[in-house]
Amino acid sequence: MSRLIVVSNRVPDPTRGPPAGGLAVALNSALKKAGGVWIGWSGKSSGSDEPGPLKFVERGEITFGLADLSRRDLSEYYKGFANSVLWPLCHYRLDLTEYARKDMAGYFRVNRFFAERLRGLIQPGDLVWIHDYHLIPMASELRRLGIRNRIGFFMHIPWPSPDVFFTLPVHEAIISGLTAYDVVGFQTAYDVENFALALKREGIGGDLGGGWMAAHGRRFRASAFPIGIDVGEFAVMARGAVRNRAVKRTAVSFSGRDLIIGVDRLDYSKGLTHRMDGFEQFLVANPAWRGRTTLLQVSPKSRSDVPGYTTMQRQVAEHAGRVNGAMGTLDWTPIRYINQSVGRSTLAGLYRIARVGLVTPLRDGMNLVAKEFVAAQNPADPGVLVLSRFAGAARELDSALLVNPYDIEAIGNAIARALAMPLEERIERFTAMMTRLEQNDISKWCADFLAALEPDQHDSPELLTA
Ligand code: ADQ
């Protein structure tokens with residue numbers, strides 16, 4: 001088995017025990033099996049104009065290398081190009097992109113910084129796996145430094161349609177960055193199609209079929225690898241979590257009312273104001289449900305230092321306040337809105353006691369909350385998932401109630417249908433979704449990607465001779 005080198009923007013702090021959360025756990029276990037190195041940003045600022053050195057921590061078979069970034073890096077690479085250009089662009093929010101040439105330069109500088117530090121750590125035969133939109137140019141930087149190893153990339157967020165992508169003034173550099181990999185993984189076939197179409201319209205390549213693409217005279221693999229969760233572990237955790245004190249207290253506090261749950265990082269892509277409007281619409285159209293159901297929206301703040309996020313955070317809070325002011329009574333608050341992160345076990349228990357999971361992002365690469373909600377249900381009496389058709393998860397979870405998240409009335413109608421759904425239909429939908437989740441869990445995702453990345457004498461990328 002080849003040794004594995006992982007590079008991601010954030011790396012779980014190895015001094016704080018084993019990582020929590022699906023992706024970190026999966027990568028950790030792949031690294032443990034193969035042995036290897038995990039490099040990335042520590043999440044801290046060096047406090048100066050220069051990034052800090054890579055600090056190494058050995059944990060069994062894994063060497064973690066974390067670097068503090070400089071204030072300038074954080075402003076240009078992280079807050080700037082990654083989160084004020086690529087994130088909004090890939091989520092179709094052109095109105096929020098703030099393009100500045102210095103941020104683009106900072107983005108390439110930080111990629112070069114990590115590539116230069118990584119070069120000396122890579123041994124012949126190592127597989128290199130780069131994660132997400134922060135690090136698209138890593139392969140071309142590593143190639144420039146003479147690295148010939150197999151390098152793969154996984155895009156966790158959507159790849160937008162070419163018309164949207166081409167609004168990025170430096171789109172050639174970004175797309176060329178991706179074509180330097182041996183394997184490029186996307187969440188869904190839609191993302192792969194959008195990418196292939198961009199290569200074609202740009203006149204630099206296209207889809208060869210069978211999971212192969214060509215660009216700049218070289219061929220590489222590009223396919224969908226839909227990310228999953230640890231289904232078995234989550235289901236067991238949810239079963240046990242109904243005894244969790246926080247979950248019990250929450251259940252008691254709802255005094256027998258049906259619980260509708262929303263769990264999302266506080267991000268504009270998650271469609272929270274539309275969701276709250278949809279819930280209000282449901283209460284207006286179904287007055288008999290007033291006082292009998294509550295929406296619990298759990299949304300920890302994220303990226304509060306990125307422009308655009310504070311305004312959005314205020315708008316979501318105002319929406320919750322407005323609905324509660326208009327519809328609430330002395331003994332009933334329609335929306336309970338909290339900005340806290342909750343532990344995994346509590347989260348699993350809350351999903352399980354909820355009648356409806358409301359997952360309505362305006363755009364999402366995959367959305368793991370949808371998958372966690374399903375995995376947490378009681379198979380004998382499952383809740384209903386209402387899912388945005390613009391989440392990558394909708395491609396697999398097509399037995400959910402799929403909604404257009406921009407259509408407020410559709411959200412309201414789906415809530416009404418979910419709350420009234422007979423047990424038989426709930427079980428049928430749950431069973432279909434659970435089967436899909438079990439077939440494609442997080443270990444399969446990891447194994448499939450690494451199998452594609454392993455060198456294969458028949459498939460090795462080569463210069464196109466024709
Ligand atoms: P995110 O945008 O962060 O991920 P998501 O896939 O939903 O979105 O993952 C969020 C994770 O955070 C879930 O595991 C969830 O349980 C957890 N979480 C959210 N709110 C929480 C809370 N209040 N308390 C505790 N935990 C909470 C990006 C892409 C997604 C893609 C993932 C993985 O934007 O589309 O699915 O990467 O590839």
Side-chain angles (χ1 to χ4, degrees), residues 8-10 12 19-27 82-83 86-93 129-134 153-160 185-188 190-191 224-231 233-234 237-238 241 244 246-247 250 261-272 275 296-303 306 309 316 336-352 354 357-376 385 387-388 390-397 437 440-442 445-446 449:
S8 58
N9 174 55
R10 290 298 297 274
L23 173 66
V25 170
L27 290 175
N83 284 322
L86 290 178
W87 176 273
L89 180 89
C90 292
H91 291 87
Y92 291 72
R93 290 299 303 268
W129 191 2
I130 312 293
H131 285 265
D132 228 356
Y133 61 102
H134 313 84
F153 176 84
F154 186 75
M155 181 80 166
H156 289 261
I157 67 173
W159 187 268
F186 295 97
Q187 298 276 24
T188 69
Y190 284 9
D191 302 304
F225 296 88
I227 195 168
I229 61 167
D230 188 334
V231 185
E233 188 220 23
F234 211 85
M237 195 158 61
N244 170 315
V247 176
T250 312
I261 193 163
V263 175
D264 314 74
R265 270 188 315 101
L266 192 42
D267 191 286
Y268 47 78
S269 64
K270 304 294 182 184
L272 296 183
R275 184 180 308 172
L296 172 63
Q297 180 62 50
V298 188
S299 289
K301 288 189 178 166
S302 81
R303 302 181 196 161
V306 173
Y309 277 73
V316 176
R336 203 182 285 183
Y337 173 56
I338 59 171
N339 294 134
Q340 274 171 29
S341 186
V342 295
R344 308 273 316 146
S345 149
T346 304
L347 194 60
L350 293 177
Y351 288 142
R352 192 167 175 108
L358 212 43
V359 183
T360 54
L362 303 177
R363 193 65 60 170
D364 219 327
M366 177 54 63
N367 195 299
L368 296 180
V369 169
K371 295 190 169 184
E372 292 166 357
F373 177 80
V374 173
L385 176 64
L387 178 60
S388 161
F390 301 126
R395 307 274 73 76
E396 292 161 275
L397 302 181
L437 291 189
N440 192 33
D441 73 354
I442 185 81
W445 172 77
C446 221
F449 190 93

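Since we're looking at a predicted model, the values are computed, not measured. One-based numbering, in listed order, for ligands and for the atoms of each.
Evaluation of the side-chain contact (heavy atoms from CB on, under 4.5 Å) rule for Val298 yields Val263, Leu296, Ile338, Val342 as partners, not counting sequence neighbours. Not counting sequence neighbours, His134 has no partner by the ring-ring contact (aromatic ring centres under 6.0 Å, His included) test.
Within ligand 1, the atoms closer than 4.0 Å to a non-hydrogen atom of Ile227 are 38 (O), numbered from 1 in the order shown. Near Gly365, meaning under 4.0 Å from any of its heavy atoms, are these atoms of ligand 1: 35 (O). Shown in contact with Arg344 at under 4.0 Å from a heavy atom are these atoms of ligand 1, numbered in order with element: 14 (O), 16 (O). Close contacts between ligand 1 and Val369 involve ligand atoms 7 (O), 15 (C) [criterion: under 4.0 Å to a heavy atom]. Numbered from 1 in the order shown, with element, the atoms of ligand 1 that lie under 4.0 Å from a heavy atom of Gln340 read 23 (N). Proximity to Val263 (heavy-atom distance under 4.0 Å) selects the following atoms of ligand 1: 19 (C), 20 (N), 21 (C). Atoms of ligand 1 lying under 4.0 Å from any heavy atom of Gln187, numbered from 1 in the order shown and given with element: 31 (C), 38 (O). For ligand 1 and Arg265, the ligand atoms under 4.0 Å from any heavy atom of the residue are 1 (P), 2 (O), 3 (O).
In the model, Gln187 has no side-chain atom that pairs as donor or acceptor with a side-chain atom of Arg395 under 3.5 Å. Looking at Asn83 and Tyr309, their side chains never bring a donor and an acceptor atom within 3.5 Å of each other.
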Exercise for the section: Please step through side-chain contact (heavy atoms from CB on, under 4.5 Å) for the pair Leu27 and Trp129, ending with a clear verdict. Expected result: CA-CA 10 Å; Leu27 290 175; Trp129 191 2; 3.6 Å; yes
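Heavy atoms of Tyr133 found under 4.0 angstrom from ligand 1: none, in either backbone or side chain. Heavy atoms of Lys270 found under 4.0 angstrom from ligand 1 belong exclusively to the side chain. Under 4.0 Å from ligand 1, heavy atoms of Leu368 appear from its side chain as well as its backbone. Of the heavy atoms in Leu347, only side-chain atoms (C-beta onward) come closer than 4.0 Å to ligand 1.
Once rounded to the nearest 0.5 Å, the distance linking OG of Ser299 with CZ of Arg275 reads 7.0 Å.
With Phe154 as the partner, the ring pair (Phe, Tyr, Trp, His ring centres under 6.0 Å) test is satisfied by one option alone out of Phe225, Trp159, Trp445: Trp445.
Not one N or O of Trp87 is nearer than 3.5 Å to an N or O of ligand 1, by distance alone.
Both tests pass for Arg303 against the ring of Trp87: distance under 6.0 Å to the centre and angle within 45° of the axis.
Using 4.0 Å as the threshold, Trp445 has no heavy atom nearer than that to any atom of ligand 1.
Aromatic pair Tyr92/Phe390: ring centres not closer than 6.0 Å.
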